[in-house]
Structures are given as structure tokens and as C-alpha cells.
Undergrad: 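Pasting a structure below so you can have a look.
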Amino acid sequence: MPEYLPTAPYRGTRDFLPPEMSVRTQVFGKLYEVIERYGFLRYDGPILESAEIYEAKSGEEIANQQLYTLTDRGGRRLALRPEMTPSVARMIAGNAGSLQFPVRWYSHPNCHRYERPQRGRVREHWQINVDIFGSTSASCEIEIFELIHDMLGGLGASEDMFVVRANDRNLLSSALTDVVGVTQEQLPEVFALVDRWEKYEREKLAASAEEIGLSGNQFDKLGDVLAAGTALLDELPAHVKDGSNLVKVLGSSAAGLIRFDPMIVRGLAYYTSTVFEVFDTSPENNRALFGGGAYSDLASLFTPQQIPGIGFGMGDVTLMDFLQTHGLLPQPRSEVDAVVIPVVEELGDAARQVAATLRRAGIRTSVPLEYRKLGKELGRADKAGARAVVIVGQEDWDAGNVTVRSLVTREQRQVTVDAAPTTVTELLTD
RNA sequence: GUGGGUGUAGCUCAGUCGGUAGAGCACCUGGUUGUGGUCCAGGGGGCCGCGGGUUCAAGUCCCGUCACUCACCCCA
């Protein structure tokens, strides 16, 4: 008995069969269109990168536990990219001399992380990355927030289906040190505590706070700060607020695009000021849909030139969950619009000639690759999603005619060969 | 890495007290030599995840293992 290899894809990766691929193509095609409407240009890069570029900035978890690494034949340590930001930082740094900043770039790479798969998380995901490099203006934040709303809106989402929660790490730092009295040394740990504030029960949070060295009083004050919303801003020093792009956004006509939320922190180490996460408002998807933030000096690994930026990554897994939950997934496209069927095997050549005229008219057309009886082919054409067939029979063909039949209404018409494309088009546009 | 759930036909699943492997859908053929979706008749398909144990006998009970899945950790 021979041993066969498994047909299932590698754990945490997915095959995209044509129906699913069709849905994805439509969804992402729409997103590309919206993004490009803002003037963003698409780029791409290698899936393999030097492992070093992830070890400094991506955060310990990704580098130590989630990175797929390998050594090439020359002994170089490589990694499958777990995210796109270090790659694009490398590209920007390497080409900074010839770019006119600020630049708007986007990409749609597949990224790999070695993790345990579950809802909203796999080992290979496709992530749309959108970034603006070379500007620290608050207009960048505003444009990114507008774009997020337009992207989700373009997919059919209404404003009540999602919320953009935004924070500024500098505002939070100030609140923690100036209002709660957290020391500089405690700050990273308190950030981590804030990050899980919503997930843990109060006792668990209190225990963590005590471990960090916060008093009971400070812990209560921390809770007040995180729940304060925009009222928190009144308690912060003027120079901190003056330096915050997010405060500028909140004072602009774009304020309605976001909800200020001191609880948003995000794990990635390179964010330095604005951070945001987009949440599905339906309870089934409690995880953040996607998120991003601003960084003051992303390319420091590659160049002394300081290049700031802001951007976000939108993963396909959580996005598809969101669209499915809200009934926003498009239908897969049919295989073809029309099928040309020869009634007898000898008319196969004639059928191909007719099909060629339909294709020249832009009609997606197939001809059966193996001869079958007409009745069978009509059924197969219908199943393939064709809405029209062209029947090529001996008597018709001898007279220069074919029969065009609608698979929807069952009407059929005898027309000349030359008139077939127009007749099919009429049926398809009805 | 930790914990729970589930593995039977291509898909969804049933399988009682351990006693020869089932249904629906899908697929193929015929009824119908140039007209499909309905209907009728027939047919192909199974290492019951894998390995071991108990038993006269295991899809069923026990142990192990792998896979899938959900949650934790973390993150898109």
C-alpha cells in the first residue's frame, strides 16, 4: 500500500480555490481602488529578508518566537517577513535620495508568523500596508483616518459597524507620569498593563499593578485616567498637548472619524506617538480588526537620516471575518458568460471559430474540451454560471447561422454567425 | 508554550447495549440520436485520522499519537 502525502495545506496556511479567490480579488481590488484614489502608489518586496531587521524593532515576541528563520547556503540568517514595515523602511532608506517626500506608498504582501492558529489568526496572512513617509504633519493622521473610513465604506460597511479608537503614546505617558505618578522605570510595564486592561478582571489588574509597584491609590487613579476619554486632556500639561498631532485631529473637522481612547497602546515597539486600532462593533469579533500608528524614526537601522511616518496594516483574516459577520462578502464570479456548444463532434472547429468572435467582443467564453451530448452541455454550462449558450448545429452552420439561447429565460433565437456576439451581449446585459 | 472540543464517503452528518459501513447533498450512466434545472432507474466511491491494547468480535471501550478547531499568551 503506497503512502500518500497529505492534501491539506501546511498548518496555518490556506489554499484559495477559485470561488474564494474570486471573492478576495473583488474585495482587495476595491481596496486598491480606494487607496489609489488618495494618490498612494503600490510597491512590493521580497518575502525573504535578513533576520536582523526584525530583531531590533518588531518587539520581542515576534522576533524570538514567531519568526520563521532559515540559513542560506552562504550561511546568511534569513527570515520570512512577519510584517512589511521593516522591509519598506529598508526600501525608503535605500532610495531616500531620489524620493520626493512625503511619499504615499501601499502594498499587499503575505506575511508569516509561527503561531497557533485560531479565529482571526493564521500563520500566513495577507496584509494591506498603507504608509506615509517623511512628514510629521497632523494632516497625515487626518488623511489616514479618512482613508480608513473610505476603505471600509467602499466595502459596504456603514459607520456603525466599526470604530477607530486612537491614542497618542506621549499623551498616555504624560497622564501616567504627571497624573498617576508612575516613574520612568515603571512606564513600559504600565503600558503593557494598559494594553490588557479590557481583557482582565479588576483583581488580576490590581495584582499586576501591585507587582509593578503601584499603590492602591495609583491603581484607582489609573482606572479613572483610562476611562476619562477626552476629559483626560484637561489634566495634561499644555506643552504635551501642543506637541500632539492627535490633539490637533480632535480639534479639527476630522474629529468625528475617531474616538479618543487612552487605553489604546499597541505592542509594536516602533510607534512613538499616534496609535490607533479599528474595532468591529459586533461582539463576535472582539479582536482589533487592524491598527497602526506614527513613528518618528523608522529607518534608523539603515540610515542616519531621520524619516518619520505613519501607517497601518490591515490583515485579510480579520477583514474577511468582519465582512462575513456583516454580510458584506461579494458573490464569487461565474466561470464564464457564455458557452459555445457543437451539436456533433465534427462541429468542434466551427464552435471554436464562433467562440473567438465572442471573445473579441469581450465576452468570457468557453468551448467544451470534450464532446458531450447537447443536453449534458446545457446543464454543465448552467452550472458554470453561464447565462447564454451558442448552439452550433449542422443545418444552421451550413446556412451560416447559429442558435443563441438564454439559460436564464430559455428564450432562443436563430441568428447569423456575425450577429452572434451582439445577440449574446444583449442577453447578458438584460 | 497551556487548556477544552472534534476526527466516519467529495460536503454535511447519523451510527442505539461492542455483533457484516449508513443517509442527504454532490458526482457518473441511462430513460431523452439538437435543448438543461424536475422526475424515474441504476452506478462509482470508505486504512471509520494513525498506532497499540482489551475482546470470540472494536467506528463504538481503554491508552498513546497526529490533525483540525476554540480559548489563553501575543497579535493582523
Undergrad: Any base atoms under 4.0 Å from A:Arg196, or only sugar-phosphate, or nothing? Heavy atoms, all strands.
TA: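 Sugar-phosphate: the residue A:Arg196, judged by heavy atoms under 4.0 Å, touches backbone atoms but no base.
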Undergrad: Pair A:Phe219, A:Trp197 - check ring pair (Phe, Tyr, Trp, His ring centres under 6.0 Å), show working.
TA: CA-CA 12 Å; A:Phe219 177 72; A:Trp197 195 263; 5.5 Å; yes
Undergrad: Taking ring-ring contact (aromatic ring centres under 6.0 Å, His included) as the test, write out the residues that go with A:His149, two or more places apart.
TA: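 For A:His149, the residues satisfying ring-ring contact (aromatic ring centres under 6.0 Å, His included) (neighbours in sequence not counted) are A:Phe162.
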Undergrad: Quick one: list whatever passes side chain to side chain donor-acceptor pair (under 3.5 Å) with A:Tyr200, sequence neighbours left out.
TA: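 If we apply the side chain to side chain donor-acceptor pair (under 3.5 Å) test to A:Tyr200, skipping adjacent residues, there are no hits.
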Undergrad: Would you indicate what A:Arg405 reaches in the nucleic acid, counting non-hydrogen atoms under 4.0 angstrom: base, sugar-phosphate, or nothing?
TA: base
Undergrad: Can you check the A:Arg266 CZ to B:C74 P distance for me, whole Å?
TA: 14 Å
Undergrad: Specify the separation, in whole Å, of atom CG of A:Leu319 and atom C1' of B:C75.
TA: 16 Å
Undergrad: With under 30° as parallel and over 60° as perpendicular, where do the rings of A:Phe276 and A:Phe145 fit, or are they tilted in between?
TA: perpendicular
Undergrad: Students often get this wrong, so: under 4.0 angstrom with heavy atoms, is A:Leu407 touching a base, only sugar-phosphate, or nothing?
TA: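 Contact class for A:Leu407: base.
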Undergrad: Tell me which residues in residues 336-343 of chain A put a heavy atom below 4.0 Å from RNA chain B, sorted by number, or none.
TA: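 Residues of residues 336-343 of chain A under 4.0 Å from RNA chain B: A:Val343.
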Undergrad: Classify A:Asn129 by what it touches in the nucleic acid, base, sugar-phosphate, or nothing, heavy-atom distance under 4.0 Å.
TA: nothing
Undergrad: Can you check the distance between B:G15 and B:A9, where both ends of the measurement are the C1' atom (answer in whole Å)?
TA: 14 Å
Undergrad: Answer yes or no: is there a donor N or O on one side and an acceptor on the other, between the side chain of A:Asn401 and the main chain of A:Asp396, under 3.5 Å?
TA: no
Undergrad: Can you measure A:Trp397 atom CH2 to B:G34 atom C1' for me and round it to whole angstrom units?
TA: 16 Å
Undergrad: Could you go through residues 126-133 of chain A and list every donor-acceptor pair under 3.5 Å that involves a side-chain atom there, pairing it with any protein atom two or more places apart or in another chain?
TA:
unit_1: A:Gln127; atom_1: OE1; unit_2: A:Asn129; atom_2: ND2; d: 3.1
unit_1: A:Asn129; atom_1: ND2; unit_2: A:Gln127; atom_2: O; d: 3.2
unit_1: A:Asp131; atom_1: OD1; unit_2: A:Tyr295; atom_2: OH; d: 2.5

Undergrad: Should the side chain of A:Glu277 and the base of B:A76 be counted as holding a donor-acceptor pair, with the cut-off at 3.5 Å?
TA: no
Undergrad: Can you give me the N/O atom pairs linking the protein to nucleotides 66-69 of chain B at distances under 3.5 Å, or say none if there are none?
TA:
unit_1: B:C68; atom_1: OP2; unit_2: A:Arg11; atom_2: NH1; d: 2.2

Undergrad: Tell me every residue that passes side chain to side chain donor-acceptor pair (under 3.5 Å) with A:Asn170, counting only those two or more places apart in sequence or in another chain.
TA: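 With neighbours one apart ignored, the set is empty.
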Undergrad: In terms of side-chain geometry, is the basic nitrogen of A:Asp168 or A:Lys248 positioned less than 4.0 Å from the acidic oxygen of its partner?
TA: no
Undergrad: With sequence neighbours left out, what residues match A:Glu210 under side chain to side chain donor-acceptor pair (under 3.5 Å)?
TA: none
Undergrad: Take the protein atom CD of A:Glu198 and the nucleotide atom C1' of B:C75, then report the distance between them rounded to whole Å.
TA: 15 Å
Undergrad: By nearest atom, which of the nucleotides B:U35, B:U29, B:G31 is closest to the A:Ile391 side chain?
TA: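 Between B:U35, B:U29, B:G31, the one nearest the side chain of A:Ile391 would be B:U35.
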Undergrad: For B:A67 and B:G49, measure between their P atoms and round to the nearest Å.
TA: 16 Å
Undergrad: Verify the contact: side-chain N or O of A:Lys204 to OP1 or OP2 of B:C72, cut-off strictly under 4.0 Å; return yes or no.
TA: no
Undergrad: Apply ring-ring contact (aromatic ring centres under 6.0 Å, His included) to A:Tyr114 and list each qualifying residue two or more places apart in sequence or on a separate chain.
TA: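 Applying ring-ring contact (aromatic ring centres under 6.0 Å, His included) to A:Tyr114 gives A:Tyr68.
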Undergrad: Classify the nucleic acid contact of A:Glu377 as base, sugar-phosphate or nothing, counting any heavy atom under 4.0 Å across all strands shown.
TA: nothing
Undergrad: Go nucleotide by nucleotide along RNA chain B from the 5' end; which of A:Phe290 and A:Tyr371 gets its closest nucleotide reached first?
TA: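 Of the two residues, A:Tyr371 wins.
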Undergrad: By the 4.0 Å heavy-atom rule, please label A:Tyr114 as base, sugar-phosphate, or nothing.
TA: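 No contact.
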Undergrad: In whole Å, what is the span from the CG atom of A:Asp195 to the P atom of B:C73?
TA: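 Taking atom P of B:C73 as the reference, CG of A:Asp195 is at 11 Å.
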Undergrad: According to side chain to side chain donor-acceptor pair (under 3.5 Å), who are the partners of A:Thr274, at least two apart in sequence or on a separate chain?
TA: A:Glu141
Undergrad: Do A:Arg121 and B:C74 share a donor-acceptor pair, side chain to base, under 3.5 Å?
TA: yes
Undergrad: Base, sugar-phosphate or nothing for A:Val122? Non-hydrogen atoms, less than 4.0 Å.
TA: base
Undergrad: Looking across every strand, which nucleic acid part, if any, lies under 4.0 Å from A:Gly393 by heavy atom: base, sugar-phosphate, or nothing?
TA: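 It contacts base atoms.
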Undergrad: Using only side-chain N and O atoms of A:Arg380, determine if any of them is under 4.0 Å from OP1 or OP2 of B:C28.
TA: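 Yes, within the criterion.
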Undergrad: With sequence neighbours excluded, tell me which residues meet ring-ring contact (aromatic ring centres under 6.0 Å, His included) with A:Phe40.
TA: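 Partners of A:Phe40 by the ring-ring contact (aromatic ring centres under 6.0 Å, His included) criterion come out as none, since no residue qualifies.
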Undergrad: Based on Watson-Crick and G-U pairs with both distances under 3.5 Å, what dot-bracket line describes RNA chain B 5' to 3', crossing pairs as [ ] and inter-strand pairs as |?
TA: (((((((..((((.....[..)))).(((((.......))))).....(((((..]....))))))))))))....
Undergrad: Donor-acceptor pairs under 3.5 Å, side chain of residues 417-427 of chain A to any protein atom, not counting sequence neighbours: which ones?
TA:
unit_1: A:Thr422; atom_1: OG1; unit_2: A:Ala419; atom_2: O; d: 3.4
unit_1: A:Thr423; atom_1: OG1; unit_2: A:Ala419; atom_2: O; d: 2.8
unit_1: A:Thr425; atom_1: OG1; unit_2: A:Pro421; atom_2: O; d: 2.8

Undergrad: Taking only the side-chain heavy atoms of A:Val317 (C-beta and beyond), determine which of B:G31, B:U35, B:A76 contains the nearest atom.
TA: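 The listed nucleotide nearest to A:Val317's side chain is B:A76.
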